[in-house]
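Have a look at the structure below before the remarks.
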Amino acid sequence: MNAEPRYNDTFYENTTNYSKIIDVICNTTTSLQDLPTPINLKTLFRNANPVEIEVGFGKGRFLLEASRQNPEINYIGVERAQKYVEITHERFEKYIRHYAIDKGSGIFKNVRLVWTDANYFLSRYVPEESIQAYHIYFPDPWPKARQQKRRIFRNKEFLSAIMKTLKSDDGKLYVVTDFAEYFNEIQERLAKWTNLQPSSEFVGYENIATNFELKYQREGREIFRKLYKKA
Ligand SMILES: C[S@@+](CC[C@H](N)C(=O)[O-])C[C@H]1O[C@@H](n2cnc3c(N)ncnc32)[C@H](O)[C@@H]1O
């Protein structure tokens with residue numbers, strides 16, 4: 001099971017030119033290339049609150065609910081598909097319009113959408129030991145044998161960036177998938193990172209489902225969850 005050697009080159013070529021970071025409340029878009037590496041998280045959010053990252057936010061249901069319910073936590077969502085970044089941006093705007101949210105009230109000032117490849121963002125922009133939790137929900141399973149090398153949990157640079165940027169004191173990694181075989185592979189691969197301990201419970205975000213989770217729940221599919229803690 002080799003990591004795909006061209007993975008990073010391919011995605012970096014496609015992401016660096018248009019990579020952006022969106023503030024849904026100020027409605028500002030900043031080119032990622034204009035930001036320092038690593039990014040200054042306190043400057044980005046204008047506070048020193050803990051920061052959590054969702055990798056591959058899709059249609060953004062988790063990101064919206066988590067940021068709405070936890071105003072004292074800052075959330076960065078990273079998504080490489082333009083279509084889903086647009087859908088999620090629109091989802092926040094619709095919510096703001098529907099509930100006539102006062103943009104000065106503070107709601108959603110704790111969330112930023114990043115349109116780029118997660119590995120590119122994590123390995124360049126995220127400071128060491130700065131992240132309280134990572135959320136990786138329904139990562140693409142790439143079921144065909146010849147495509148499995150694209151699985152994000154096979155990318156050693158990505159895993160190493162997660163380990164490096166998670167806070168040592170109780171940094172968390174939440175993983176959810178409906179794909180049993182990939183779930184086993186993820187657990188096997190993460191078992192090699194000895195400073196990451198699997199937890200017997202999945203606590204903290206049980207009440208927030210992603211778009212994929214809602215769909216699969218309706219279909220009655222089994223869903224596998226694991227919470228890891230950095231020791
Ligand atoms: C199966 S969808 C799950 C979406 C969402 N997490 C959910 O549960 O509803 C996987 C998402 O991850 C995104 N994705 C895959 N690889 C990525 C990467 N390297 N960087 C950023 N996003 C990625 C895809 O574009 C897609 O939106």
Side-chain angles (χ1 to χ4, degrees), residues 24 45 49-79 84 87-88 91-92 94-96 98-99 101 106-114 118 122 126 130-141 151-153 158-159 162-163 165-191 193 195-231:
V24 297
F45 287 104
N49 289 347
V51 179
E52 303 196 2
I53 293 184
E54 184 184 11
V55 170
F57 55 73
K59 293 184 180 173
R61 188 176 192 280
F62 173 83
L63 204 53
L64 188 145
E65 278 306 313
S67 57
R68 188 180 67 78
Q69 292 180 24
N70 304 298
E72 72 298 344
I73 299 175
N74 295 323
Y75 291 89
I76 299 177
V78 190
E79 170 60 60
Y84 292 125
I87 288 173
T88 297
R91 182 184 205 108
F92 276 94
K94 267 192 196 148
Y95 189 99
I96 289 165
H98 183 80
Y99 291 101
I101 303 285
I107 188 169
F108 299 143
K109 81 169 197 294
N110 59 335
V111 63
R112 299 291 182 277
L113 310 180
V114 181
L122 265 54
V126 181
S130 65
I131 302 303
Q132 171 167 278
Y134 277 102
H135 303 268
I136 308 184
Y137 299 136
F138 300 89
D140 292 323
R151 289 178 170 178
I152 202 159
F153 280 92
F158 174 74
L159 293 182
I162 289 202
M163 304 307 155
T165 55
L166 261 185
K167 285 188 171 177
S168 282
D169 50 341
D170 215 28
K172 297 182 177 67
L173 167 62
Y174 293 84
V175 183
V176 179
T177 179
D178 63 308
F179 213 82
E181 182 267 321
Y182 192 20
F183 187 55
N184 290 337
E185 178 183 333
I186 292 169
Q187 290 178 90
E188 276 171 27
R189 288 185 182 273
L190 293 182
W193 297 86
N195 57 349
L196 204 63
Q197 294 300 316
S199 172
S200 53
E201 294 177 305
F202 188 93
V203 284
Y205 285 92
E206 315 87 294
N207 63 330
I208 308 180
T210 70
N211 295 84
F212 266 67
E213 185 165 354
L214 285 184
K215 180 170 167 255
Y216 291 153
Q217 274 172 0
R218 278 194 296 267
E219 292 172 5
R221 280 204 217 183
E222 190 174 356
I223 291 171
F224 308 94
R225 302 163 206 279
K226 202 81 197 169
L227 166 61
Y228 290 86
K229 293 184 183 171
K230 194 168 168 188

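- The shortest distance between side-chain heavy atoms of Phe183 and Glu222 does not fall below 4.5 Å.
- Aromatic ring centres of Phe57 and Tyr84: separated by at least 6.0 Å.
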Please assess Leu190 against Leu173 for the test side chain to side chain contact (heavy atoms under 4.5 Å, CB included), listing each intermediate value before the final yes or no. CA-CA 10 Å; Leu190 293 182; Leu173 167 62; 3.8 Å; yes

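- Here the CG-NZ distance, from Leu214 to Lys59, works out to 11.0 Å after rounding to the nearest 0.5 Å.
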Solution key, residues 223-231 side-chain donor-acceptor pairs under 3.5 Å, sequence neighbours excluded:
| unit_1 | atom_1 | unit_2 | atom_2 | d |
| --- | --- | --- | --- | --- |
| Arg225 | NH1 | Glu213 | OE2 | 2.9 |
| Arg225 | NH2 | Glu213 | OE2 | 2.9 |
| Lys230 | NZ | Met163 | O | 2.5 |
| Lys230 | NZ | Leu166 | O | 2.8 |

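- Under the side-chain contact (heavy atoms from CB on, under 4.5 Å) rule, Leu63 has a single partner from Arg112, Arg91, His135, Glu54, which is Glu54.
- How far OG1 of Thr88 is from CD of Glu79: 7.0 Å, rounded to the nearest 0.5 Å.
- Taken to the nearest 0.5 Å, the OH atom of Tyr182 stands 13.0 Å off from the CZ atom of Phe138.
- Counted within 6.0 Å of CD on Glu206, heavy atoms from surrounding residues, nucleotides or ligands total more than 12; the atom is thus considered enclosed.
- Between Tyr137 and the choices Phe212, Phe62, Tyr205, the ring-ring contact (aromatic ring centres under 6.0 Å, His included) rule is met once, by Phe62.
- For the pair Asn49 and Pro71, the tightest heavy-atom approach, listed with the atom from each and the gap, is ND2-O, 4.2 Å.
- Of the inter-residue distances, the one linking Phe45 atom CZ with Asn74 atom CG reads 4.5 Å to the nearest 0.5 angstrom.
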Derivation and outcome, side chain to side chain contact (heavy atoms under 4.5 Å, CB included), residues Ile162 and Leu122: CA-CA 7 Å; Ile162 289 202; Leu122 265 54; 3.7 Å; yes

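- Remark: the Tyr174 side chain and the Glu52 side chain contain no N/O donor-acceptor pair separated by less than 3.5 Å.
- Using cut-offs of 30° and 60° on the angle between ring planes, the pair Tyr95 and Tyr99 is tilted.
- Closest approach of Phe153 to Pro139, counting heavy atoms only: CE1-CG, 4.0 Å.
- Taken from OG1 in Thr210 to CD in Glu65, the straight-line distance is 12.0 Å, to the nearest 0.5 Å.
- Under a 3.5 Å cut-off, the side chain of Arg221 and the backbone N or O of Arg218 do not form any donor-acceptor pair.
- With rounding to the nearest 0.5 Å, the separation of CG in Asn110 from CD1 in Ile73 is 8.5 Å.
- For the residue pair Val114 and Ile76, the shortest heavy atom distance occurs at CG2-CG2, 3.6 Å.
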Evaluate the side chain to side chain contact (heavy atoms under 4.5 Å, CB included) criterion for residues Phe158 and Ile136: first the C-alpha distance (whole Å), next the side-chain angles of each, then the deciding distance (0.1 Å), finally the verdict. CA-CA 12 Å; Phe158 174 74; Ile136 308 184; 3.8 Å; yes

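- Under a 3.5 Å cut-off, the side chain of Arg68 and the backbone N or O of Ile107 do not form any donor-acceptor pair.
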